[in-house]
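Structure first, then comments.
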Amino acid sequence: MIEITFNLDYTCQEPLYIQLYKYIKQEILSGRMEPGARLPSKRKLSLHLEVSQNTIETAYEQLQAEGYVESFPRKGVYVKEVDKDVISTTNHEPSSNYIERADNDDYEIDFSHGKIALDFFPFSIWRKLTVQSLFEDQSSMFLNGERQGELLLRQEIAKYLYQSRGVRCSPSQIIIGAGTQYLISLLTMIIGRDAVFSMEEPGFHRTREALKDQGVKVNPVTLDDEGLCIQELEKSTANITYVTPSHQFPMGIIMPITRRMELLKWADNDGRYIIEDDYDGEFRYKGKPIPSLQGLDNREKVIYLGTFSKSLIPSIRLSYMVLPPKLLSIYHQHFSIYKQTVSRLHQHTLWLFMKNGHWERHLNKMRTVYRRKQQTLVDAIEHHFGKNAAIIGGDSGLHLLLSVQNQMSEKELIESAMDKKVKVYPTSVYYENYDAARQQSIVLLGFGGVTEQEIHKGVQLLREAWL
């Protein structure tokens with residue numbers, strides 16, 4: 001068995017598990033840890049290094065995910081044979097989101113809006129509740145569950161939505177599904193493919209493509225300073241409109257109450273519905289949260305969509321929608337044949353997580369974490385760019401947009417950032433009708449999955465690339 005003598009640096013901002021992961025990886029690549037050698041058990045190494053077993057396990061999991069070690073039940077963790085000739089010696093280590101991005105090895109810093117701060121996820125609690133879920137009823141967890149999702153979880157979601165977002169619904173109105181795109185597809189079938197849909201322009205491209213894949217017509221409706229332009233919506237032929245009013249994606253506009261009431265008035269006509277996607281409504285950094293559209297709706301015309309991808313973990317693939325009674329009736333008549341797409345084990349674990357108060361504590365912690373990261377990013381941009389850049393939509397959510405005053409095109413901004421090994425993202429993909437000559441060059445910077453140290457370094461490198 002290998003003896004690991006490594007001094008962890010508790011003064012460093014880098015998480016302990018990444019320090020350990022880096023050390024073992026380098027030992028393997030250097031040949032000092034030979035193929036077939038057994039690593040110390042998690043318990044033994046945690047006692048030796050005086051850290052939690054969770055730290056050891058997370059480091060081992062990362063090494064296993066990247067193929068440096070392999071684990072055998074009841075035998076241990078062993079070093080694998082690694083072809084060092086095909087491994088780049090450039091040390092692009094994983095950032096604080098802990099999973100190294102195999103498709104982004106050329107980037108040191110990735111401002112992705114799809115990443116979250118996994119360092120703060122309560123792994124040990126989630127693992128304990130998962131085991132508890134299995135032992136509570138080992139047999140039933142492996143059978144098909146309720147089509148709409150587990151009732152206990154839907155009850156907790158209904159309670160949470162009312163308390164936090166003002167959404168008024170019963171658990172019977174909630175349908176759980178594996179991701180928002182799946183629910184959009186199901187919703188399209190419930191509403192009917194002869195309906196005409198509209199979307200914000202720009203708007204979330206994955207929803208647009210999900211609608212198009214269902215064969216429905218999708219009309220783009222432009223934005224003004226308050227969100228979806230109601231006059232343009234009135235002139236369109238749409239009877240269904242999809243909006244992100246709490247944090248418009250990608251522009252970050254927060255729809256004021258006056259515009260929300262105008263939109264609800266538009267939906268008064270027979271056959272009209274509003275799809276409200278509240279994808280990151282938990283994270284607002286200035287002012288008080290505005291009530292959801294669904295909570296303001298007295299005519300039962302709003303379909304509410306929510307997800308745990310941003311607030312918990314993306315891989316759980318657990319989203320939900322709240323159907324108005326009329327659409328719920330259509331679902332029961334024609335579409336309840338579709339089985340549940342989310343693991344019962346994940347649903348039961350999340351129910352325990354919410355019921356025992358862990359969800360509320362985790363959410364409060366993440367609000368603080370993301371508020372700090374958001375302020376760090378804003379401060380860094382203002383410090384390094386001054387009047388040479390404008391921040392758009394930075395008051396909520398896990399991303400902001402940056403307009404750089406340097407006459408570069410969107411493509412040039414992205415490619416010059418790439419030269420500095422920093423990844424930023426285009427906004428042109430969110431337009432149905434993008435006109436490069438008329439649209440200003442704007443890039444998207446997500447901050448959920450980068451550390452504050454990476455934010456500072458990334459913005460400094462962007463300044464070098466763009467100014």
Side-chain angles (χ1 to χ4, degrees), residues 113 164-167 180 196-205 207-208 211 218-269 272-299 301-306 310 374 378 389-403 427-435 438-445:
H113 71 86
S164 67
R165 305 295 295 120
V167 173
T180 300
V196 178
F197 288 71
S198 69
M199 274 193 65
E200 300 157 321
E201 173 80 343
F204 191 42
H205 63 314
T207 295
R208 182 188 299 115
L211 290 171
V218 184
N219 293 334
V221 177
T222 58
L223 307 171
D224 60 22
D225 293 340
E226 296 187 340
L228 193 77
C229 183
I230 301 299
Q231 290 182 335
E232 188 173 330
L233 177 62
E234 289 281 7
K235 293 177 182 177
S236 76
T237 59
N239 48 2
I240 312 293
T241 191
Y242 168 93
V243 291
T244 50
S246 294
H247 185 226
Q248 199 282 326
F249 191 93
M251 300 303 291
I253 300 168
I254 298 171
M255 187 181 288
I257 190 69
T258 52
R259 180 59 55 86
R260 292 176 185 237
M261 299 309 294
E262 291 174 355
L263 187 55
L264 289 170
K265 185 177 180 181
W266 169 86
D268 274 350
N269 288 13
R272 288 183 176 177
Y273 286 98
I274 301 166
I275 303 172
E276 177 184 15
D277 190 348
D278 201 10
Y279 68 99
D280 64 359
E282 293 91 355
F283 305 117
R284 178 163 164 76
Y285 311 122
K286 292 182 180 179
K288 295 181 179 179
I290 298 175
S292 65
L293 272 172
Q294 199 273 0
L296 299 170
D297 176 26
N298 294 319
R299 299 289 300 276
K301 289 302 191 80
V302 176
I303 303 148
Y304 183 88
L305 296 176
K310 297 286 188 183
Q374 182 263 359
V378 170
I391 295 171
I392 302 170
D395 291 342
S396 62
L398 301 183
H399 78 270
L400 56 77
L401 303 187
L402 193 63
S403 174
T427 56
S428 57
V429 297
Y430 304 120
Y431 287 83
E432 175 73 6
N433 303 308
Y434 183 74
D435 185 347
R438 296 180 59 188
Q439 301 291 346
Q440 62 184 124
S441 298
I442 298 174
V443 292
L444 182 149
L445 278 70

Less than 4.5 Å apart, side chain to side chain, heavy atoms only: is that true for [X] and [Y]?
X: I257; Y: L296; value: yes
X: M261; Y: L264; value: yes
X: T241; Y: V221; value: no
X: I303; Y: I240; value: no

Requested in this report: Could you please spell out the steps behind the side chain to side chain contact (heavy atoms under 4.5 Å, CB included) verdict for F197 and I275?
Outcome: CA-CA 10 Å; F197 288 71; I275 303 172; 4.1 Å; yes
Would you find a donor on one side and an acceptor on the other, under 3.5 Å apart, between the side chain of [X] and the backbone of [Y]?
X: N219; Y: S236; answer: no
X: R272; Y: W266; answer: yes
X: Q294; Y: V167; answer: no
X: E200; Y: T244; answer: yes
X: H399; Y: P250; answer: yes
X: S198; Y: A238; answer: no

Query raised in the report: Using the benzene-type ring in the case of Trp, are the ring centres of H247 and F283 under 6.0 Å apart?
Result: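 Ring centroids of H247 and F283 are no less than 6.0 Å from each other.
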Can you name the nearest heavy-atom pair linking [X] to [Y], along with the distance?
X: L398; Y: K310; answer: CD1-CD, 4.0 Å
X: E201; Y: R208; answer: OE1-NH2, 3.8 Å
X: E276; Y: Y304; answer: OE1-CD1, 3.4 Å
X: K301; Y: N269; answer: NZ-O, 2.8 Å
X: P202; Y: M251; answer: CG-CG, 3.8 Å
X: R165; Y: S246; answer: NH2-OG, 2.8 Å

[atom1]/[X] to [atom2]/[Y] distance, rounded to the nearest 0.5 angstrom?
X: I253; Y: R259; atom1: CD1; atom2: CZ; answer: 9.0 Å
X: L233; Y: K235; atom1: CG; atom2: NZ; answer: 11.5 Å
X: D297; Y: D268; atom1: CG; atom2: CG; answer: 8.5 Å
X: H113; Y: L400; atom1: NE2; atom2: CG; answer: 12.5 Å
X: I392; Y: L445; atom1: CD1; atom2: CG; answer: 11.5 Å
X: T222; Y: L228; atom1: OG1; atom2: CG; answer: 8.0 Å

Report task. Would you sort out whether L402 and I391 count as a side chain to side chain contact (heavy atoms under 4.5 Å, CB included), showing the intermediate values? Result -> CA-CA 5 Å; L402 193 63; I391 295 171; 4.1 Å; yes
Report task. Walk me through it: do Y430 and L444 pass the test side chain to side chain contact (heavy atoms under 4.5 Å, CB included)? Result -> CA-CA 11 Å; Y430 304 120; L444 182 149; 4.2 Å; yes
Query raised in the report: In terms of side-chain geometry, is the basic nitrogen of K265 or E262 positioned less than 4.0 Å from the acidic oxygen of its partner?
Result: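 Salt bridge flag = no for E262 with K265.
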Query raised in the report: Between Y242 and T207, is any side-chain donor less than 3.5 angstrom from a side-chain acceptor?
Result: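 Looking only at side-chain atoms, T207 and Y242 do form a donor-acceptor pair, the distance falling under 3.5 Å.
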